[in-house]
Visitor: 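I have a structure I would like to understand better, so I am pasting it below and will then ask my questions one at a time.
The residues of the chain are indexed from 1 along the displayed sequence.
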Amino acid sequence: MKLQYVGVQDLSKVVFPKSLKRMDLFSLDELTALPKDVSHLKQLEWFMLLSKSITSLPNGFEDLPKLEHFELIAPKIDTISAALFFGDASKPKLVTKIGNSNINIAPMTTETQQKTIELNTPKLLNYVLDNASFFPNLETIIVNCEAPKIENTTTLAAFKNLKHLTYRLEHKLDWLFKGIEQCLKLESLEVYRSKEWHHKDEEAPVTIFPKVFLTIKQLEKLVVKNASALVLNTDCLPKHITNLTISEIKGIEAGSQPFNVFSMEVKATQILNLQQFHTIISAAKFNLGHRNNDVENVLNFETFRHPEKIESYEFTSDASKLDSLLKTLVNLKSLSITFNKDNPEQNNALTAFKHPNLKVLRIDDYNGTTHALERLLIHTPNLEFLGIFEAKGFDTFPAVNLPQLKKLRMQSVALKTIDNLNVDTIEAVKLIHCDHINDETIEVISCWNTLKHLWLEGLDENGGIYPESISELNLETLFIRAHNREEKIPTWISNLKNLRVLGINNFKQVVLPVKLATLTQLEVLSISGCEFSEKVSDDFKNLNLQKLVYWTSKFNGSNMKSELYEPLEHKLVSQRNFDEEDSEVPFKIEL
């Protein structure tokens, strides 16, 4: 039963049928009375009431065995039972949504099965603390309120099953976390000042991280974010953290005490003393963010704490010091290098040290010679992934052998040919906006017979046609974007019988070749930018597509009429973009 936006005032005499499963009373702002009792509605699963005028609820909701959703936004209702606010053991699936956070809650008489709670008012915080024994199953607590005027004698240490804690930084609330080290099941802690990343903490700003969290012996995950006035001293952090993320705070200040993490990620936050930071922290993976990339800092890698543990690092220092990094971080598996693009002389001073353990290499903003780049690559012979982004200054890829290379990705790179690259086990190539890559180079790539995934987008716009030799590969992914003058969709694509993902974007041919309908194994098809004026053949209904990618914006003039491509959509709803698992996952390596 649904009543919405109607002027009904009195429902007290209505007898609702026993079979009723769902009741929606939405925006009934003149409603003043409901039936006195609803305990006969044993089938009721869903109840929602939104009304500004009603002052009381019927009896009996607590006795409904199948109730799974109870939603109440009624500011004039003064008190609600604890069983409805929190749920109880008789209704383990019950989800409650109470619009008035300051509503009075009747005394608790039975334990609740609730596992998650948000404490968004001081009143609710005190109520839960006062009744801690009734919450034996709480695993997730979100503290999102100001401090009560008087400190409660009970703290979060009373919740022994606590696993996840989220806390909005507030003044005079540190007492709440006394004894937090007694919560031995605590896995994750998230601390923030504002839910919005760009918010400026200007009124009574929080500048200090609560030292009480230092008592936690070990955490799986710690996140500190969105606190624009906070300077975090590392001496305030738990000494053993698996994954540490610090984002959008004023700064990080390295203390004097060592601490250990597995993965350290910093976003939009400057480390105020970077060299000292590396002497106290032990981590396997470092991602210190672009704010620290801009620091003119030549690091002494030999003073790093436990450099042999480092598996992933981002290098932004003087390129001539790269050999020191490779020599010192002996077990490094993944390295990102961001070059000073305005200083090609420094890039050409690139030095290296042989590093057989390096598997993943990403290069950004390179502006040097082929020879200097070769000097790096010959020292990393066991690469499995190579990514080059925003690079110029060289026309030809270095003549190097990378026998273990599985994935090659280049984007906005000015080179013209990669003919000199020797690869034996290459599986995936993705080239995007490499404007000078021509047909001859694509022909070379099509001879790499181990390829399974090939993505060519935004290459030489004056190129001819994609070579048919691509059809001789055993591809699972093929994406090709038409050159400026290319109209016809290649029919040789129909020979790729193992193809799972196909993108044929921006071709000007007016009809989709019926030959492609034989690709019955195809799961994902993208035809964005194609403007078919002839109906797609009904033969395409035989495809077993799971996803159709098509930009259907009615404002850009490139959308097809629905009747033209209905055989493609069939039972699908087209989506605007590729899913990451289809467009990104095949072209990257996770270590």
Side-chain angles (χ1 to χ4, degrees), residues 284-287 301 307-317 319 321-339 347 350-391 393-394 396-415 417-432 434 437 441 444-445 447-455 477 584-591:
K285 297 184 178 182
F286 284 98
N287 181 353
F301 295 100
E308 73 282 356
K309 291 185 177 181
I310 299 176
E311 299 177 1
S312 175
Y313 194 78
E314 293 200 4
F315 177 83
T316 60
S317 188
K321 303 300 180 182
L322 182 62
D323 61 340
S324 175
L325 177 143
L326 294 173
K327 183 178 180 179
T328 307
L329 310 187
V330 292
N331 292 309
L332 193 67
K333 295 179 181 178
S334 177
L335 174 64
S336 295
I337 306 174
T338 301
F339 287 94
N347 297 342
L350 184 65
T351 59
F353 182 87
K354 192 161 187 178
H355 202 300
N357 293 323
L358 195 67
K359 305 294 184 185
V360 174
L361 176 62
R362 177 185 172 114
I363 297 172
D364 284 272
D365 295 330
Y366 181 71
N367 183 10
T369 65
T370 297
H371 181 65
L373 186 58
E374 180 181 356
R375 204 155 48 227
L376 169 62
L377 295 179
I378 61 175
H379 285 90
T380 56
N382 294 321
L383 286 182
E384 295 180 8
F385 172 88
L386 175 60
I388 304 178
F389 304 86
E390 302 290 339
F394 63 107
T396 305
F397 200 91
V400 292
N401 295 319
L402 298 175
Q404 305 301 321
L405 193 68
K406 301 289 191 298
K407 320 268 183 171
L408 173 64
R409 179 164 181 167
M410 293 193 290
Q411 184 166 334
S412 301
V413 179
L415 61 80
T417 174
I418 56 177
D419 302 7
N420 294 329
L421 174 61
N422 294 315
V423 287
D424 299 326
T425 59
I426 191 79
E427 295 178 359
V429 172
K430 191 169 194 176
L431 305 179
I432 299 179
C434 298
I437 294 290
T441 299
V444 170
I445 293 173
C447 294
W448 294 346
N449 55 23
T450 56
L451 268 182
K452 294 180 180 179
H453 309 280
L454 180 59
W455 191 291
T477 302
E584 295 295 327
V585 171
F587 302 94
K588 63 183 181 181
I589 289 179
E590 297 291 346
L591 295 176

Visitor: Of all the heavy-atom pairs spanning Val585 and Lys407, show the shortest one and how long it is.
Guide: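 Val585 and Lys407 have their closest heavy atoms at O-NZ, 4.5 Å.
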Visitor: Can you find a heavy atom in the side chain of Glu390 that is under 4.5 Å from one in the side chain of Asp364?
Guide: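 Contact flag for Glu390/Asp364 side chains = no.
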Visitor: Checking side-chain contact (heavy atoms from CB on, under 4.5 Å) for the pair Thr450/Val423: CA distance, chi angles, key distance, verdict?
Guide: CA-CA 9 Å; Thr450 56; Val423 287; over 6 Å; no
Visitor: Hey, is the main chain of Asn367 close enough, under 3.5 Å, to the side chain of Asn347 for a donor-acceptor pair?
Guide: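 Yes.
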Visitor: Atom OG1 of Thr380 and atom CG of Leu335: how far apart are they, to the nearest 0.5 Å?
Guide: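 Result: 9.0 Å between the selected atoms.
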Visitor: Measure the spacing between NZ of Lys321 and CZ of Phe301 and express it to the nearest 0.5 Å.
Guide: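 Those atoms lie 10.5 Å apart.
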Visitor: Is the closest side-chain heavy-atom distance between Phe315 and Leu322 below 4.5 Å?
Guide: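 They are in contact (side-chain heavy atoms under 4.5 Å apart), so the answer is yes.
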Visitor: Of all heavy-atom pairs between Leu325 and Tyr313, which one has the smallest distance, and what is that distance?
Guide: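 Closest approach of Leu325 to Tyr313, heavy atoms only: CD1-CD2, 3.6 Å.
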Visitor: Could you please spell out the steps behind the side-chain contact (heavy atoms from CB on, under 4.5 Å) verdict for Glu384 and Val360?
Guide: CA-CA 6 Å; Glu384 295 180 8; Val360 174; 5.8 Å; no
Visitor: Side chains of Lys309 and Asn331, heavy atoms from C-beta outward: is any pair under 4.5 Å?
Guide: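 No - every pair of side-chain heavy atoms lies 4.5 Å or more apart.
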Visitor: Flag the pair Val400 / Leu421 as yes when at least one side-chain heavy-atom distance between them is below 4.5 Å, and no otherwise.
Guide: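 Yes - at least one pair of side-chain heavy atoms lies under 4.5 Å apart.
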Visitor: Can you see which heavy atom on Thr477 is nearest to which on Phe587, and at what distance?
Guide: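 For Thr477 versus Phe587, the nearest heavy atoms are CG2-CZ, 4.3 Å.
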Visitor: How long is the span from the CG atom in Leu408 to the CD1 atom in Ile445, to the nearest 0.5 Å?
Guide: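 The distance works out to 7.5 Å.
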Visitor: What distance separates Lys359 NZ from Glu311 CD, expressed to the nearest 0.5 Å?
Guide: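 Going from the NZ atom of Lys359 to the CD atom of Glu311 covers 12.0 Å.
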Visitor: Just wondering, do Leu332 and His355 contact through their side chains at under 4.5 Å, heavy atoms?
Guide: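 Counting from C-beta outward, His355 and Leu332 do come under 4.5 Å.
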Visitor: State whether the side chain of Arg375 and the backbone N or O of Leu350 hold a donor-acceptor pair below 3.5 Å, judged by distance alone.
Guide: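 Yes, because the side chain of Arg375 sits within donor-acceptor range (under 3.5 Å) of the backbone of Leu350.
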Visitor: Would you please name every residue forming a ring-ring contact (aromatic ring centres under 6.0 Å, His included) with Phe385, sequence neighbours left out?
Guide: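 Residues passing ring-ring contact (aromatic ring centres under 6.0 Å, His included) with Phe385: none at all.
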Visitor: Between atom NE2 of His453 and atom CD1 of Ile426, what is the distance when rounded to the nearest 0.5 Å?
Guide: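 Going from NE2 on His453 over to CD1 on Ile426, the span is 11.0 Å.
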Visitor: In this structure, are over 12 heavy atoms from other groups packed under 6.0 Å from Lys452 atom NZ?
Guide: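 Result for NZ/Lys452: open.
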Visitor: Minimum heavy-atom separation for Pro381 to Pro403, with atom names?
Guide: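 Smallest interatomic distance, heavy atoms only, reads O-CD, 3.6 Å.
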Visitor: Below 4.5 Å, heavy atoms only, C-beta onward: do Ile337 and Leu376 meet side chain to side chain?
Guide: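 They are in side-chain contact.
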Visitor: Drop me the distance from Asn449's CG to Asp424's CG, to the nearest 0.5 angstrom.
Guide: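 Rounded to the nearest 0.5 Å, the CG-CG separation comes to 9.5 Å.
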Visitor: With side-chain contact (heavy atoms from CB on, under 4.5 Å) as the test, would you mind laying out the steps for Asn357 and Asn382 before giving the verdict?
Guide: CA-CA 7 Å; Asn357 293 323; Asn382 294 321; over 6 Å; no
Visitor: Would you name the heavy atoms of Met410 and Leu415 that are closest together and state the gap between them?
Guide: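 Closest heavy-atom pair between Met410 and Leu415: SD-CD2, 3.9 Å.
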Visitor: Go through the steps to decide whether Val444 and Thr417 satisfy the test side-chain contact (heavy atoms from CB on, under 4.5 Å), and finish with yes or no.
Guide: CA-CA 9 Å; Val444 170; Thr417 174; over 6 Å; no
Visitor: Below 4.5 Å, heavy atoms only, C-beta onward: do Ser334 and Arg362 meet side chain to side chain?
Guide: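 They are not in side-chain contact.
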Visitor: What are the two closest non-hydrogen atoms of Ile363 and Leu373, and how far apart are they?
Guide: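 For Ile363 versus Leu373, the nearest heavy atoms are CD1-CD1, 3.7 Å.
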Visitor: Any side-chain heavy atom of Phe397 within less than 4.5 Å of one from Val413?
Guide: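 The answer is no, as the side chains (C-beta and beyond) never meet within the 4.5 Å cut-off.
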Visitor: Do the charged groups of Lys430 and Glu584 touch, with an N to O distance under 4.0 Å?
Guide: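 Answer for the salt bridge query: yes.
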